[in-house]
Structure formats: structure tokens, C-alpha cells
Amino acid sequence: MSTSAGNGSPGSLIAEARAGSPDALSALYLEHGAALFRLAYRLVGAREDAEDVVHDVFVGLPEALRRYEERGSFDGWLKRVTARVALMRLRSGKRRREVALEATVPTADPPPDPESTALQTAVNALPDPLRVVIALKQIEGYSHREVAELLGISVGASRVRLARALRRLRKTLEDGG
Amino acid sequence: MTWKDDLRKLPAPEAPDDLLACILASRAAGVRVVLPEATTATGQVRYVRYVAAIAVLVGFGWLALSTVKPSPVRQAGPSMWSLDGMPLFPVTVLGQEQLVRDVRPRYALITATVPSDVRAGRWTYEARWITDDVFASPQGQRTITRTAASRDGKPVWLMTESTIPDTVLVDQASLRPLRYVRPMRRHLLIQEFGRDSVVERFDGGAPPNERHFLGSAPVPGPAGSPLLVAWSPYSIDALVQALPLSRGWRGSVYSINWLVYSDRVPAFTPLDLRVTGVDRITVPAGTFDCWKVEVTDGADKSIVWVSKDRRWVVMRQRTWSDESGEWRIEARLAAVDTTPPAP
């Protein structure tokens, strides 16, 4: 990591970001921003909302770090905070699903393969409570206990939702989308 | 490999290049966000359950009381007269139930503008109510006029609207209001703007209920940055002509309410603007390629479509909904005359 903040070690960066250093905040963004953006996108389902989530997380990070006790991995803590902000956005109904608009933006990426597109479409079509469990458990690799903690549900409920989500996905894919 | 494994490989877009710059700009502008705790949720769930149980009990109590005492008539959605047929009226002033205090700008305050892009002209809009996406009710036309004038030797924009007898003088160089005059049937409100403060005079009422108010307030934000007049729906139209809109662009601007009501409504509320996409839309005045701009005013949200070429406001929409239905008010550009109006 290239940064002018402190000596670049995670502990030093966190301490300096906690004190409000823009350089340290930038360094943390460069290290974690991309992964957090992907996590937020998978939870809220729209690029603009994911931008808002990551924007809010990093704008609020220096103050939030004052409550961070440096137990466990910083990466895991940051992801949990991001997931909570994204879930709050989902619950507040603030997000937009502007798939049609996003589709109008030209992109230099190669076109996705049809199977991946069908899978993405099927995931997007899931109701939020199921889609969120798929994103956290199946895509991001959280355990059922972690998913349950993030969503405020029981571990059993997390398992049930995952099973329902997978069943729906399978049916959608078998039916041809 | 199964489709379940493929789930992990689903593509996700990259964060935009300017997101870090937006974050740093927001911090520099004083924006702060309180993040949730990343702790276990079991205690929180229990707490939520207690609160929900109490809420249910209170609800039952209220239900019992309301069967004894008739409840007042409840109005569905904001009244038409208060909206005056034009979206983007300040919701914060419409009802105290939507009042939000100490709202901070969500994005960095707008400082980079191109004031020379603002042009004189007349823009006529036709407004309509749409209920449940089906029933449309025409609400007449409004014409916004922007005329070049001068005040104390400085070039200014004189802005008026056809159905509201008020005027705003805006400094052409900074796009800050210099004077706002709002005559009403029995009242007169005048706001005079200095470099970093505003003085307001409000007179009116018939004897013996005359009312006079003289107040002042410092204007938030950097001196010389744009400022909107909340009660003037055309105030934002001039600003967007000067904005360097592009995909992902965002910025906040303060708008001023009436100081005389500052005990109930904040004197200044931020409007947060953000480009959320592009659209080609057809209105009576023609077909336009537009930036779709989300305008957030506290808890309220409007969408404004701004033409990409000359940055005219082509259409604006606001939507409300509750358990009984959804309402949308929409203003569409019906005609444009960019011949400079006579001063």
C-alpha cells in the first residue's frame, strides 16, 4: 500500500484515520474500497446505491473508528459496518433499482456470457430477504451465524432463507429464466 | 462446477474513479455520518421486540380511544393549494410533520459553476397530478422568465414566475440571490442578501392583528457559493444551467426559507443534487437527451430531468405514497423562448 499516512501499517493507518487524517482515510479506501463496493452492490442491487453506501461508510469512518476496539480483523469489522449500512438502506426503502438506466451507459467491459446473465437476473429477481442471504452466505462467504447476526434473525431462519433462495434460483434457471 | 459455485463469480461493477474524491470533499465540507455499530444483534433484536410490544399496546390503546372520540378528518397527501401546482416547493415548509432539524449537506457544497452558461429566456411548463399512475389531472401552465438586468451597476438576473407575484434578483457572477420580494394579499416579505448574511423584513396583517418581523441570519457555506431561495421553484433552474453535470456528479447547495418561521422551520436547508443516470424523454416542447438529477430536500425527493445540451429543466417529478395510494406531480416543458426578454 502506498500512502503518505504514518508508516503504512494497519494499526498506524487506523489511528491516523481515527484522528481524521485524509491521507490515512484515502489509504484505507484504496485498500478496502473495492471489496466494500462489491459487497454493497450485491446487497443493495444498484450501482448508485452502492456508491452512497461506500460514501457514507468512509465519511463516517473516522468517528466510527473511535468505537472500534481492534479485536478481530479490521477487514471483517469494516465489512460488517458496510453490510449494516447497506441493509439499513434496503430497509429504509431509499434504494433505486435502475437497471434500465444502467443498461444505457456504454461500457468497455466485454459482454457477459449468457449463463452468467441468467444467473444474475435470477438473483436480482429474488425478494430482498432471500437475495440478501444469498449475497452474504453464498457470494461473500459469511457463516450462518454471521448472517444471522447481521440480519437480526436466528441461525435457523438464515438456513431456511438460504434453502428457499436456492430453490427459487434453481427453479428459475430450470424454467429458462 | 455448479451454478452455486458460479454465484461467487457473479460480476460486480467497479467503484467509480471519483468516489474517493467525493468522500474527501464531503469530509472537508463538514459532512458527518453516524455509522451503525458492528456488534452482535441478539441484544438489539430483544430490544426491538420490547419496543414492538410496547408499540402494539399503545396502538391498541389508541384504537380504543379513537372509537370513543371521533378522530379529525385526515387529508390524503399534501393539499393542492399549498403545492401551488408546481413541484419542488420546499417540503420542509409545507408541514411540520416533515420538519427535519440540523440537516447537513450530504455532498460537498457546490462551488464550481459556470455562471456564464446561464441564459435569459422563458420556459413554460404544464403541470399535472397523476394518481396511482392512472388518473391524470391537469393543473395549468406556469412560465418562468429570466431577464438580464442590472442593480447598482452589477449584472443580475431578474427571475419571475407567471402565477406567483414575487421576484428574485440573482447576482450573475456568483448565482447568489441579492433580493427576494414576495408580496401577498395582506403581507409583504423582503429578504436582502449581503456577502455572508441575510436580513428579512416581514410586515402584514390587518389591525389589530398587525405583525412585523425584522430578523437576520448568517448564510451557511463559503461566501460567494450559490444559494437558492426555497420558495421560488425557478431558483434551481438557473443554477442547473451553470452546473458541470456529468455521470456521477453530485453536490449540495443551501436554500433559504423564511426567517420569520425559523422557530418551526430551519432558516436554511440543504438540497442534495446527484446525477443518477441519463434518459431521453419526450415532452410537449420536444425530445431531449437529459441528465436525470435526484434532488433531495430533507426527507423529500424529486427527480429533475435536465437537457444535456443547454441544461434546461425539461421535466420534474415528485411522488408521495401511503397506504391509500400514490400521487405524483409532474411539470413538463411545454414551450421555450430563448429570445432575451425585454428588461
Side-chain angles (χ1 to χ4, degrees), chain A residues 20 22 25-26 29-30 33-34 36-38 41-42 47-48 50-52 54-64 67-68 76-81 83-85 88 94 96 98 101-102 104-105 107 109 112 115-116 119-120 123 134 138-139 141 148-153 166 169-170 173, chain B residues 2-16 18-49 104 106-108 247-248 250 272 274-280 289 292 294 296 299 301 303 321:
Chain A
L25 192 64
S26 303
Y29 175 88
L30 293 174
L36 297 182
F37 185 82
R38 282 195 296 275
Y41 176 79
R42 283 174 173 141
R47 182 200 303 252
E48 304 290 350
E51 280 179 44
D52 269 0
V54 174
H55 173 271
D56 286 358
V57 166
F58 279 91
V59 169
L61 193 56
E63 287 73 30
R67 303 192 304 264
Y68 172 59
W77 178 83
L78 204 48
K79 279 191 168 180
R80 279 198 302 279
V81 170
R84 282 199 193 288
V85 173
M88 282 166 59
K94 280 183 185 172
R96 288 160 298 283
E98 293 178 342
L101 265 185
E102 299 223 345
T104 66
V105 179
T107 169
D109 296 338
E115 286 182 9
S116 168
L119 187 56
Q120 182 72 66
V123 170
I134 283 279
Q138 211 68 17
I139 302 178
E149 282 180 2
L150 279 170
L151 299 183
I153 59 178
L166 291 174
L169 281 181
R170 182 182 296 116
L173 293 172
Chain B
T2 67
W3 58 269
K4 287 186 200 174
D5 299 316
D6 289 341
L7 277 170
R8 290 182 191 274
K9 296 178 183 166
L10 280 180
E14 295 296 316
D18 63 346
L19 186 53
L20 176 59
C22 287
I23 290 165
L24 296 176
S26 295
R27 292 262 333 156
V31 179
R32 296 293 180 266
V33 175
V34 178
L35 296 178
E37 297 275 355
T39 52
T40 58
T42 45
Q44 293 169 8
V45 170
R46 197 174 299 131
Y47 173 73
V48 168
R49 284 179 183 157
R104 289 171 175 272
R106 185 172 180 78
Y107 309 123
R247 181 162 177 78
R250 59 188 79 192
D272 303 315
R274 186 175 69 146
V275 173
T276 60
V278 292
D279 254 348
R280 170 171 289 184
D289 288 316
K292 188 177 177 185
E294 178 188 87
T296 306
K301 219 167 248 187
I303 303 292
S321 62

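In this text the structure is predicted, and so the values were computed from the model without any measurement.
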Measure the shortest side-chain to side-chain distance between B/Glu294 and A/Glu48 over non-hydrogen atoms and say whether it is less than 4.5 angstrom. no
Which atoms of A/Phe58 come close to chain B, meaning under 4.5 Å heavy atom to heavy atom: side chain ones, backbone ones, both, or neither? both
Closest contact, heavy atoms only, A/Met88 versus B/Pro36: SD-CG, 3.6 Å
For B/Leu20, is it the side chain, the backbone, both, or neither that has a heavy atom closer than 4.5 Å to a heavy atom of chain A? both
Could you work out, with side chain to side chain contact (heavy atoms under 4.5 Å, CB included) as the rule, every residue matching B/Pro16, not counting sequence neighbours? A/Phe37, A/Glu51, B/Asp18, B/Leu19
Considering only heavy atoms, which portion of A/Leu166 lies under 4.5 Å from any heavy atom of chain B: side chain, backbone, both, or neither? both
side-chain contact (heavy atoms from CB on, under 4.5 Å), that's the test. Do A/Asp56 and B/Arg106 meet it? Break it down for me. CA-CA 9 Å; A/Asp56 286 358; B/Arg106 185 172 180 78; 3.1 Å; yes
I'd like to check the ring-ring contact (aromatic ring centres under 6.0 Å, His included) partners of A/Tyr68; sequence neighbours left out, ordered by chain and number. A/Phe74, A/Trp77
Minimal heavy-atom distance between B/Arg8 and A/Arg42, with the atoms involved, is O-NH2, 4.4 Å
For side-chain contact (heavy atoms from CB on, under 4.5 Å), just list the numbers for A/Leu169 and B/Leu7, CA-CA rounded to whole Å, side-chain angles, deciding distance to a tenth of an Å, and then say yes or no. CA-CA 11 Å; A/Leu169 281 181; B/Leu7 277 170; 4.3 Å; yes
Comparing A/Arg38, A/Glu63, A/Lys79 against chain B, the one with the most heavy-atom pairs below 4.5 Å turns out to be A/Glu63
Give the minimum heavy-atom separation between A/Ser26 and B/Leu24, together with the two atoms involved. OG-CD1, 3.4 Å
At their closest point, which heavy atom of A/Val54 faces which heavy atom of B/Ile23, and how far apart are they? O-CD1, 4.2 Å
